[in-house]
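Inspection log for the structure reproduced underneath, given as structure tokens.
Remember, predicted model here, so these are calculated numbers, not experimental data. When reading the values below, keep in mind they use all heavy atoms of this one structure, side chains included, and skip hydrogens, waters and symmetry mates.
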Amino acid sequence: MKWFLLLLLLPLLLYRCNGHSAGIPEPVPRDTTITPAQAVTQLVLDSIYVERFIKNGRLAENEVVRLRNFYNNRNYQFAWFTEDGLAEQARAFWNLHEQFVDYSRDSSFVDQHLHTTMDTLVAGDSVENLPGIDIRQTELQLTQHFFVYAQYAYGGKVDPTELQWHIPRRKVDAVALLDSLVARKGKNLEEWEPVNRGYRRLKGKLLELYDLQKKGGWKVLQLDRKKYQQGDSGKFVAALKQRLADWGDLERGDTSRKFTAATKRAVQQAQRRFGLKEDGVVGKDVVGALNVPLERRIEQVLINLERMRWLPPQAEGKRLLANIPDFRLHVFDSAGKVMDMKIVVGKAGTTTVVFNGELKYVVFAPYWNVPPSIVKNEILPAMRRRPGYLARNNMEITGRENGLPVIRQKPGYNNSLGLVKFLFPNSYNIYFHDTPAKTLFDQEKRTFSHGCIRLEQPFELAQWLLKDRGGWADSSILEAMHGPKEKWVTLAQPVPVFVSYFTAWVDGEGLLHFREDVYGHDRKMAMRMFEGIEVKEEGIRN
């Protein structure tokens, strides 16, 4: 029994010895080099008052350490007030705070008492004219609330691991962020905010959608025949033009019932926006996408803004981004986008996992080591139905494991991995690869794989990955792809890979895109983000 109790207490003893645990910042000593003569403000907090605030507020340990660290760094100078009243950084932060609450439509983290006090302070001329406000209490409340705000606004409200997103949650150094805000006195907040370019673009589009909402949104388009195209006329065309103008795809002012060349171009842009075939013909798919209620589009943008809060402020250097709902792989270097290509992702039941990795190997003329699940559920039944199945499919048995034959497919044109695969080692057994089934790339919705990601242009990706590695001219790559034996090539420098899931984003040309929630991740996000708001089971669809 004593040994059992010791085992139970061991983690606690280790915690006490270390003085901190995971997620709790390291304490920092008080910076006594800051003196009244060099201080920004003569207002100084009493450390005893700070400890009383901590005790009365019943703060969590990580919150306590952050609060102490912030004031230790500044030798307990006030951060939000000067001798003249509310400091500029306090006004700037509160304006930012109010904007975030307004556009995120999330007030769940708002401190109502502090909110009332700040409204009074922001509207007042000076602290002296506002009796009943203890600026010491307000100073500490503002600091503590800033830390909460920083996590919500720059780290996200939802933990991605709750949604089976296998990506590291972004860490927000709220103390350093607040130090920076105070040092710049709340100026140039666009440079200060730790958000990426994609977030800023999407936020701007969200504000435009809110403006449309204030004007009353839109009515349902009624398609009165199978399709409309250039040269057609009808009442529907006039309504279509209005909707295209609402989205910014067509200039306002054309109220005629004629489907013109300009209308076709606008339809093609709308089709690009929704990931549809860009033929300029309006059928049920286009109308269905245009008829999604504005409120649902706003919700979709809010969900994807939350996902963007999980990302670093700005990715740099070589990187690969696969966006599952868009069915595309985007290739970047330090100068920007190099190319993009269509991809095929996992189908229902074998969905592609969302995670980050590092691409390290290019494998030419690969073997396909068939996963046990496919051997059991697909290959063994096929072998029983059709003798000679393995030979016809260039497969062989190499052993037995857990009662199943170990099967692999040899290199060749009909290999399920095609002529090359790209490995970023991970515990999900996900990788990029070529495919002999090229016709699948002609489909708009490309969910056909067992979880791995098939590439439309594997040769071009191999070219790009190996261009800085000597001995890999185009002819060498082609020879290796069509070779009789598997050949592994290690990259000189691993390339970051992001397998992501964005159903709304703004491209480099400023076009707001939407895609279908193919795996239902938006629906799960909505259930966590919009408590009390009805979320339809089928999620958001184009």
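Counting heavy atoms from C-beta outward, Pro381 and Arg384 have side chains that approach closer than 4.5 Å. Counting only heavy atoms from C-beta outward, the side chains of Met341 and Phe441 never approach each other to under 4.5 Å. In this structure the side chain of Tyr361 never reaches within 4.5 angstrom of the side chain of Val489, judged on heavy atoms. You'll find the side chain of Phe332 stays beyond 4.5 Å of the side chain of Val338, heavy atoms only. Arg265 is not listed as a side-chain neighbour of Gln269, based on a closest heavy-atom distance of 4.5 Å or more. Under the 4.5 Å side-chain criterion, counting only non-hydrogen atoms from C-beta, Val497 is not in contact with Arg319. The shortest side-chain heavy-atom distance between Tyr501 and Asp517 falls under the 4.5 Å cut-off.
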| request: Could you walk me through whether His145 and Phe109 pass the ring pair (Phe, Tyr, Trp, His ring centres under 6.0 Å) test, one step at a time? | output: CA-CA 9 Å; His145 191 65; Phe109 70 98; 5.8 Å; yes
| task | Before giving the answer on ring pair (Phe, Tyr, Trp, His ring centres under 6.0 Å), spell out for Phe100 and Tyr149 the whole-Å C-alpha distance, their side-chain angles and the decisive distance to 0.1 Å. | result | CA-CA 9 Å; Phe100 178 79; Tyr149 165 85; 5.7 Å; yes
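Stacking of Lys205 on the aromatic ring of Trp505 is not recorded, the 6.0 Å distance cut-off and the 45° axial limit not both being met. A cation-pi contact, defined as under 6.0 Å to the ring centre and within 45° of the axis, is absent between Arg446 and Phe448.
No side-chain N or O of Tyr154 forms a donor-acceptor pair with one of Arg309 less than 3.5 Å apart. Residues Ser416 and Gln409 have side chains that bring a donor and an acceptor to within less than 3.5 angstrom of each other. With hydrogens and angles left out, the side-chain atoms of Arg515 and His513 include a donor and acceptor closer than 3.5 Å. For the residue pair Thr503 and Asp522, a side-chain donor N or O sits within less than 3.5 Å of a side-chain acceptor on the partner. Side chain to side chain, Arg105 and Tyr210 meet the donor-acceptor criterion of an N or O pair below 3.5 Å. Using modelled atom types and a 3.5 Å distance limit, the side chains of Asn304 and Gln300 yield no donor-acceptor pair.
Taking every heavy atom of both residues into account, Arg201 and Gly508 meet most closely at NH1-CA, 3.8 Å. Across Asn394 and Pro411, no two heavy atoms sit closer than the pair ND2-O, 3.2 Å.
Ionic pairing of Arg528 and Glu162 is present here: one or more N-O contacts between side-chain nitrogen and carboxylate oxygen are shorter than 4.0 angstrom. Residues Lys157 and Glu306 are not paired through a salt bridge, judged by the lack of any N-O separation under 4.0 Å between the basic side chain and the carboxylate. The pair Lys264-Asp279 does not count as a salt bridge, with every side-chain nitrogen at least 4.0 angstrom from each carboxylate oxygen.
Counting only distance, with no hydrogens or angles, the side chain of Glu278 and the backbone of Ala270 share no donor-acceptor pair below 3.5 Å. Trp368 places no side-chain N or O within 3.5 Å of a backbone atom of Met395 that could act as its donor or acceptor partner. Panel note: side chain Tyr152, backbone Phe147; no donor-acceptor pair is recorded below 3.5 Å. Between the side chain of Arg243 and the backbone N or O of Leu290 there is at least one donor-acceptor pair closer than 3.5 Å.
Ring geometry, Trp247 versus Phe514: the interplanar angle exceeds 60°, so the pair is classed perpendicular (tilted spans 30 to 60°). Relative ring orientation between Phe146 and Trp192 is described as tilted, the plane-to-plane angle lying within the 30° to 60° band.
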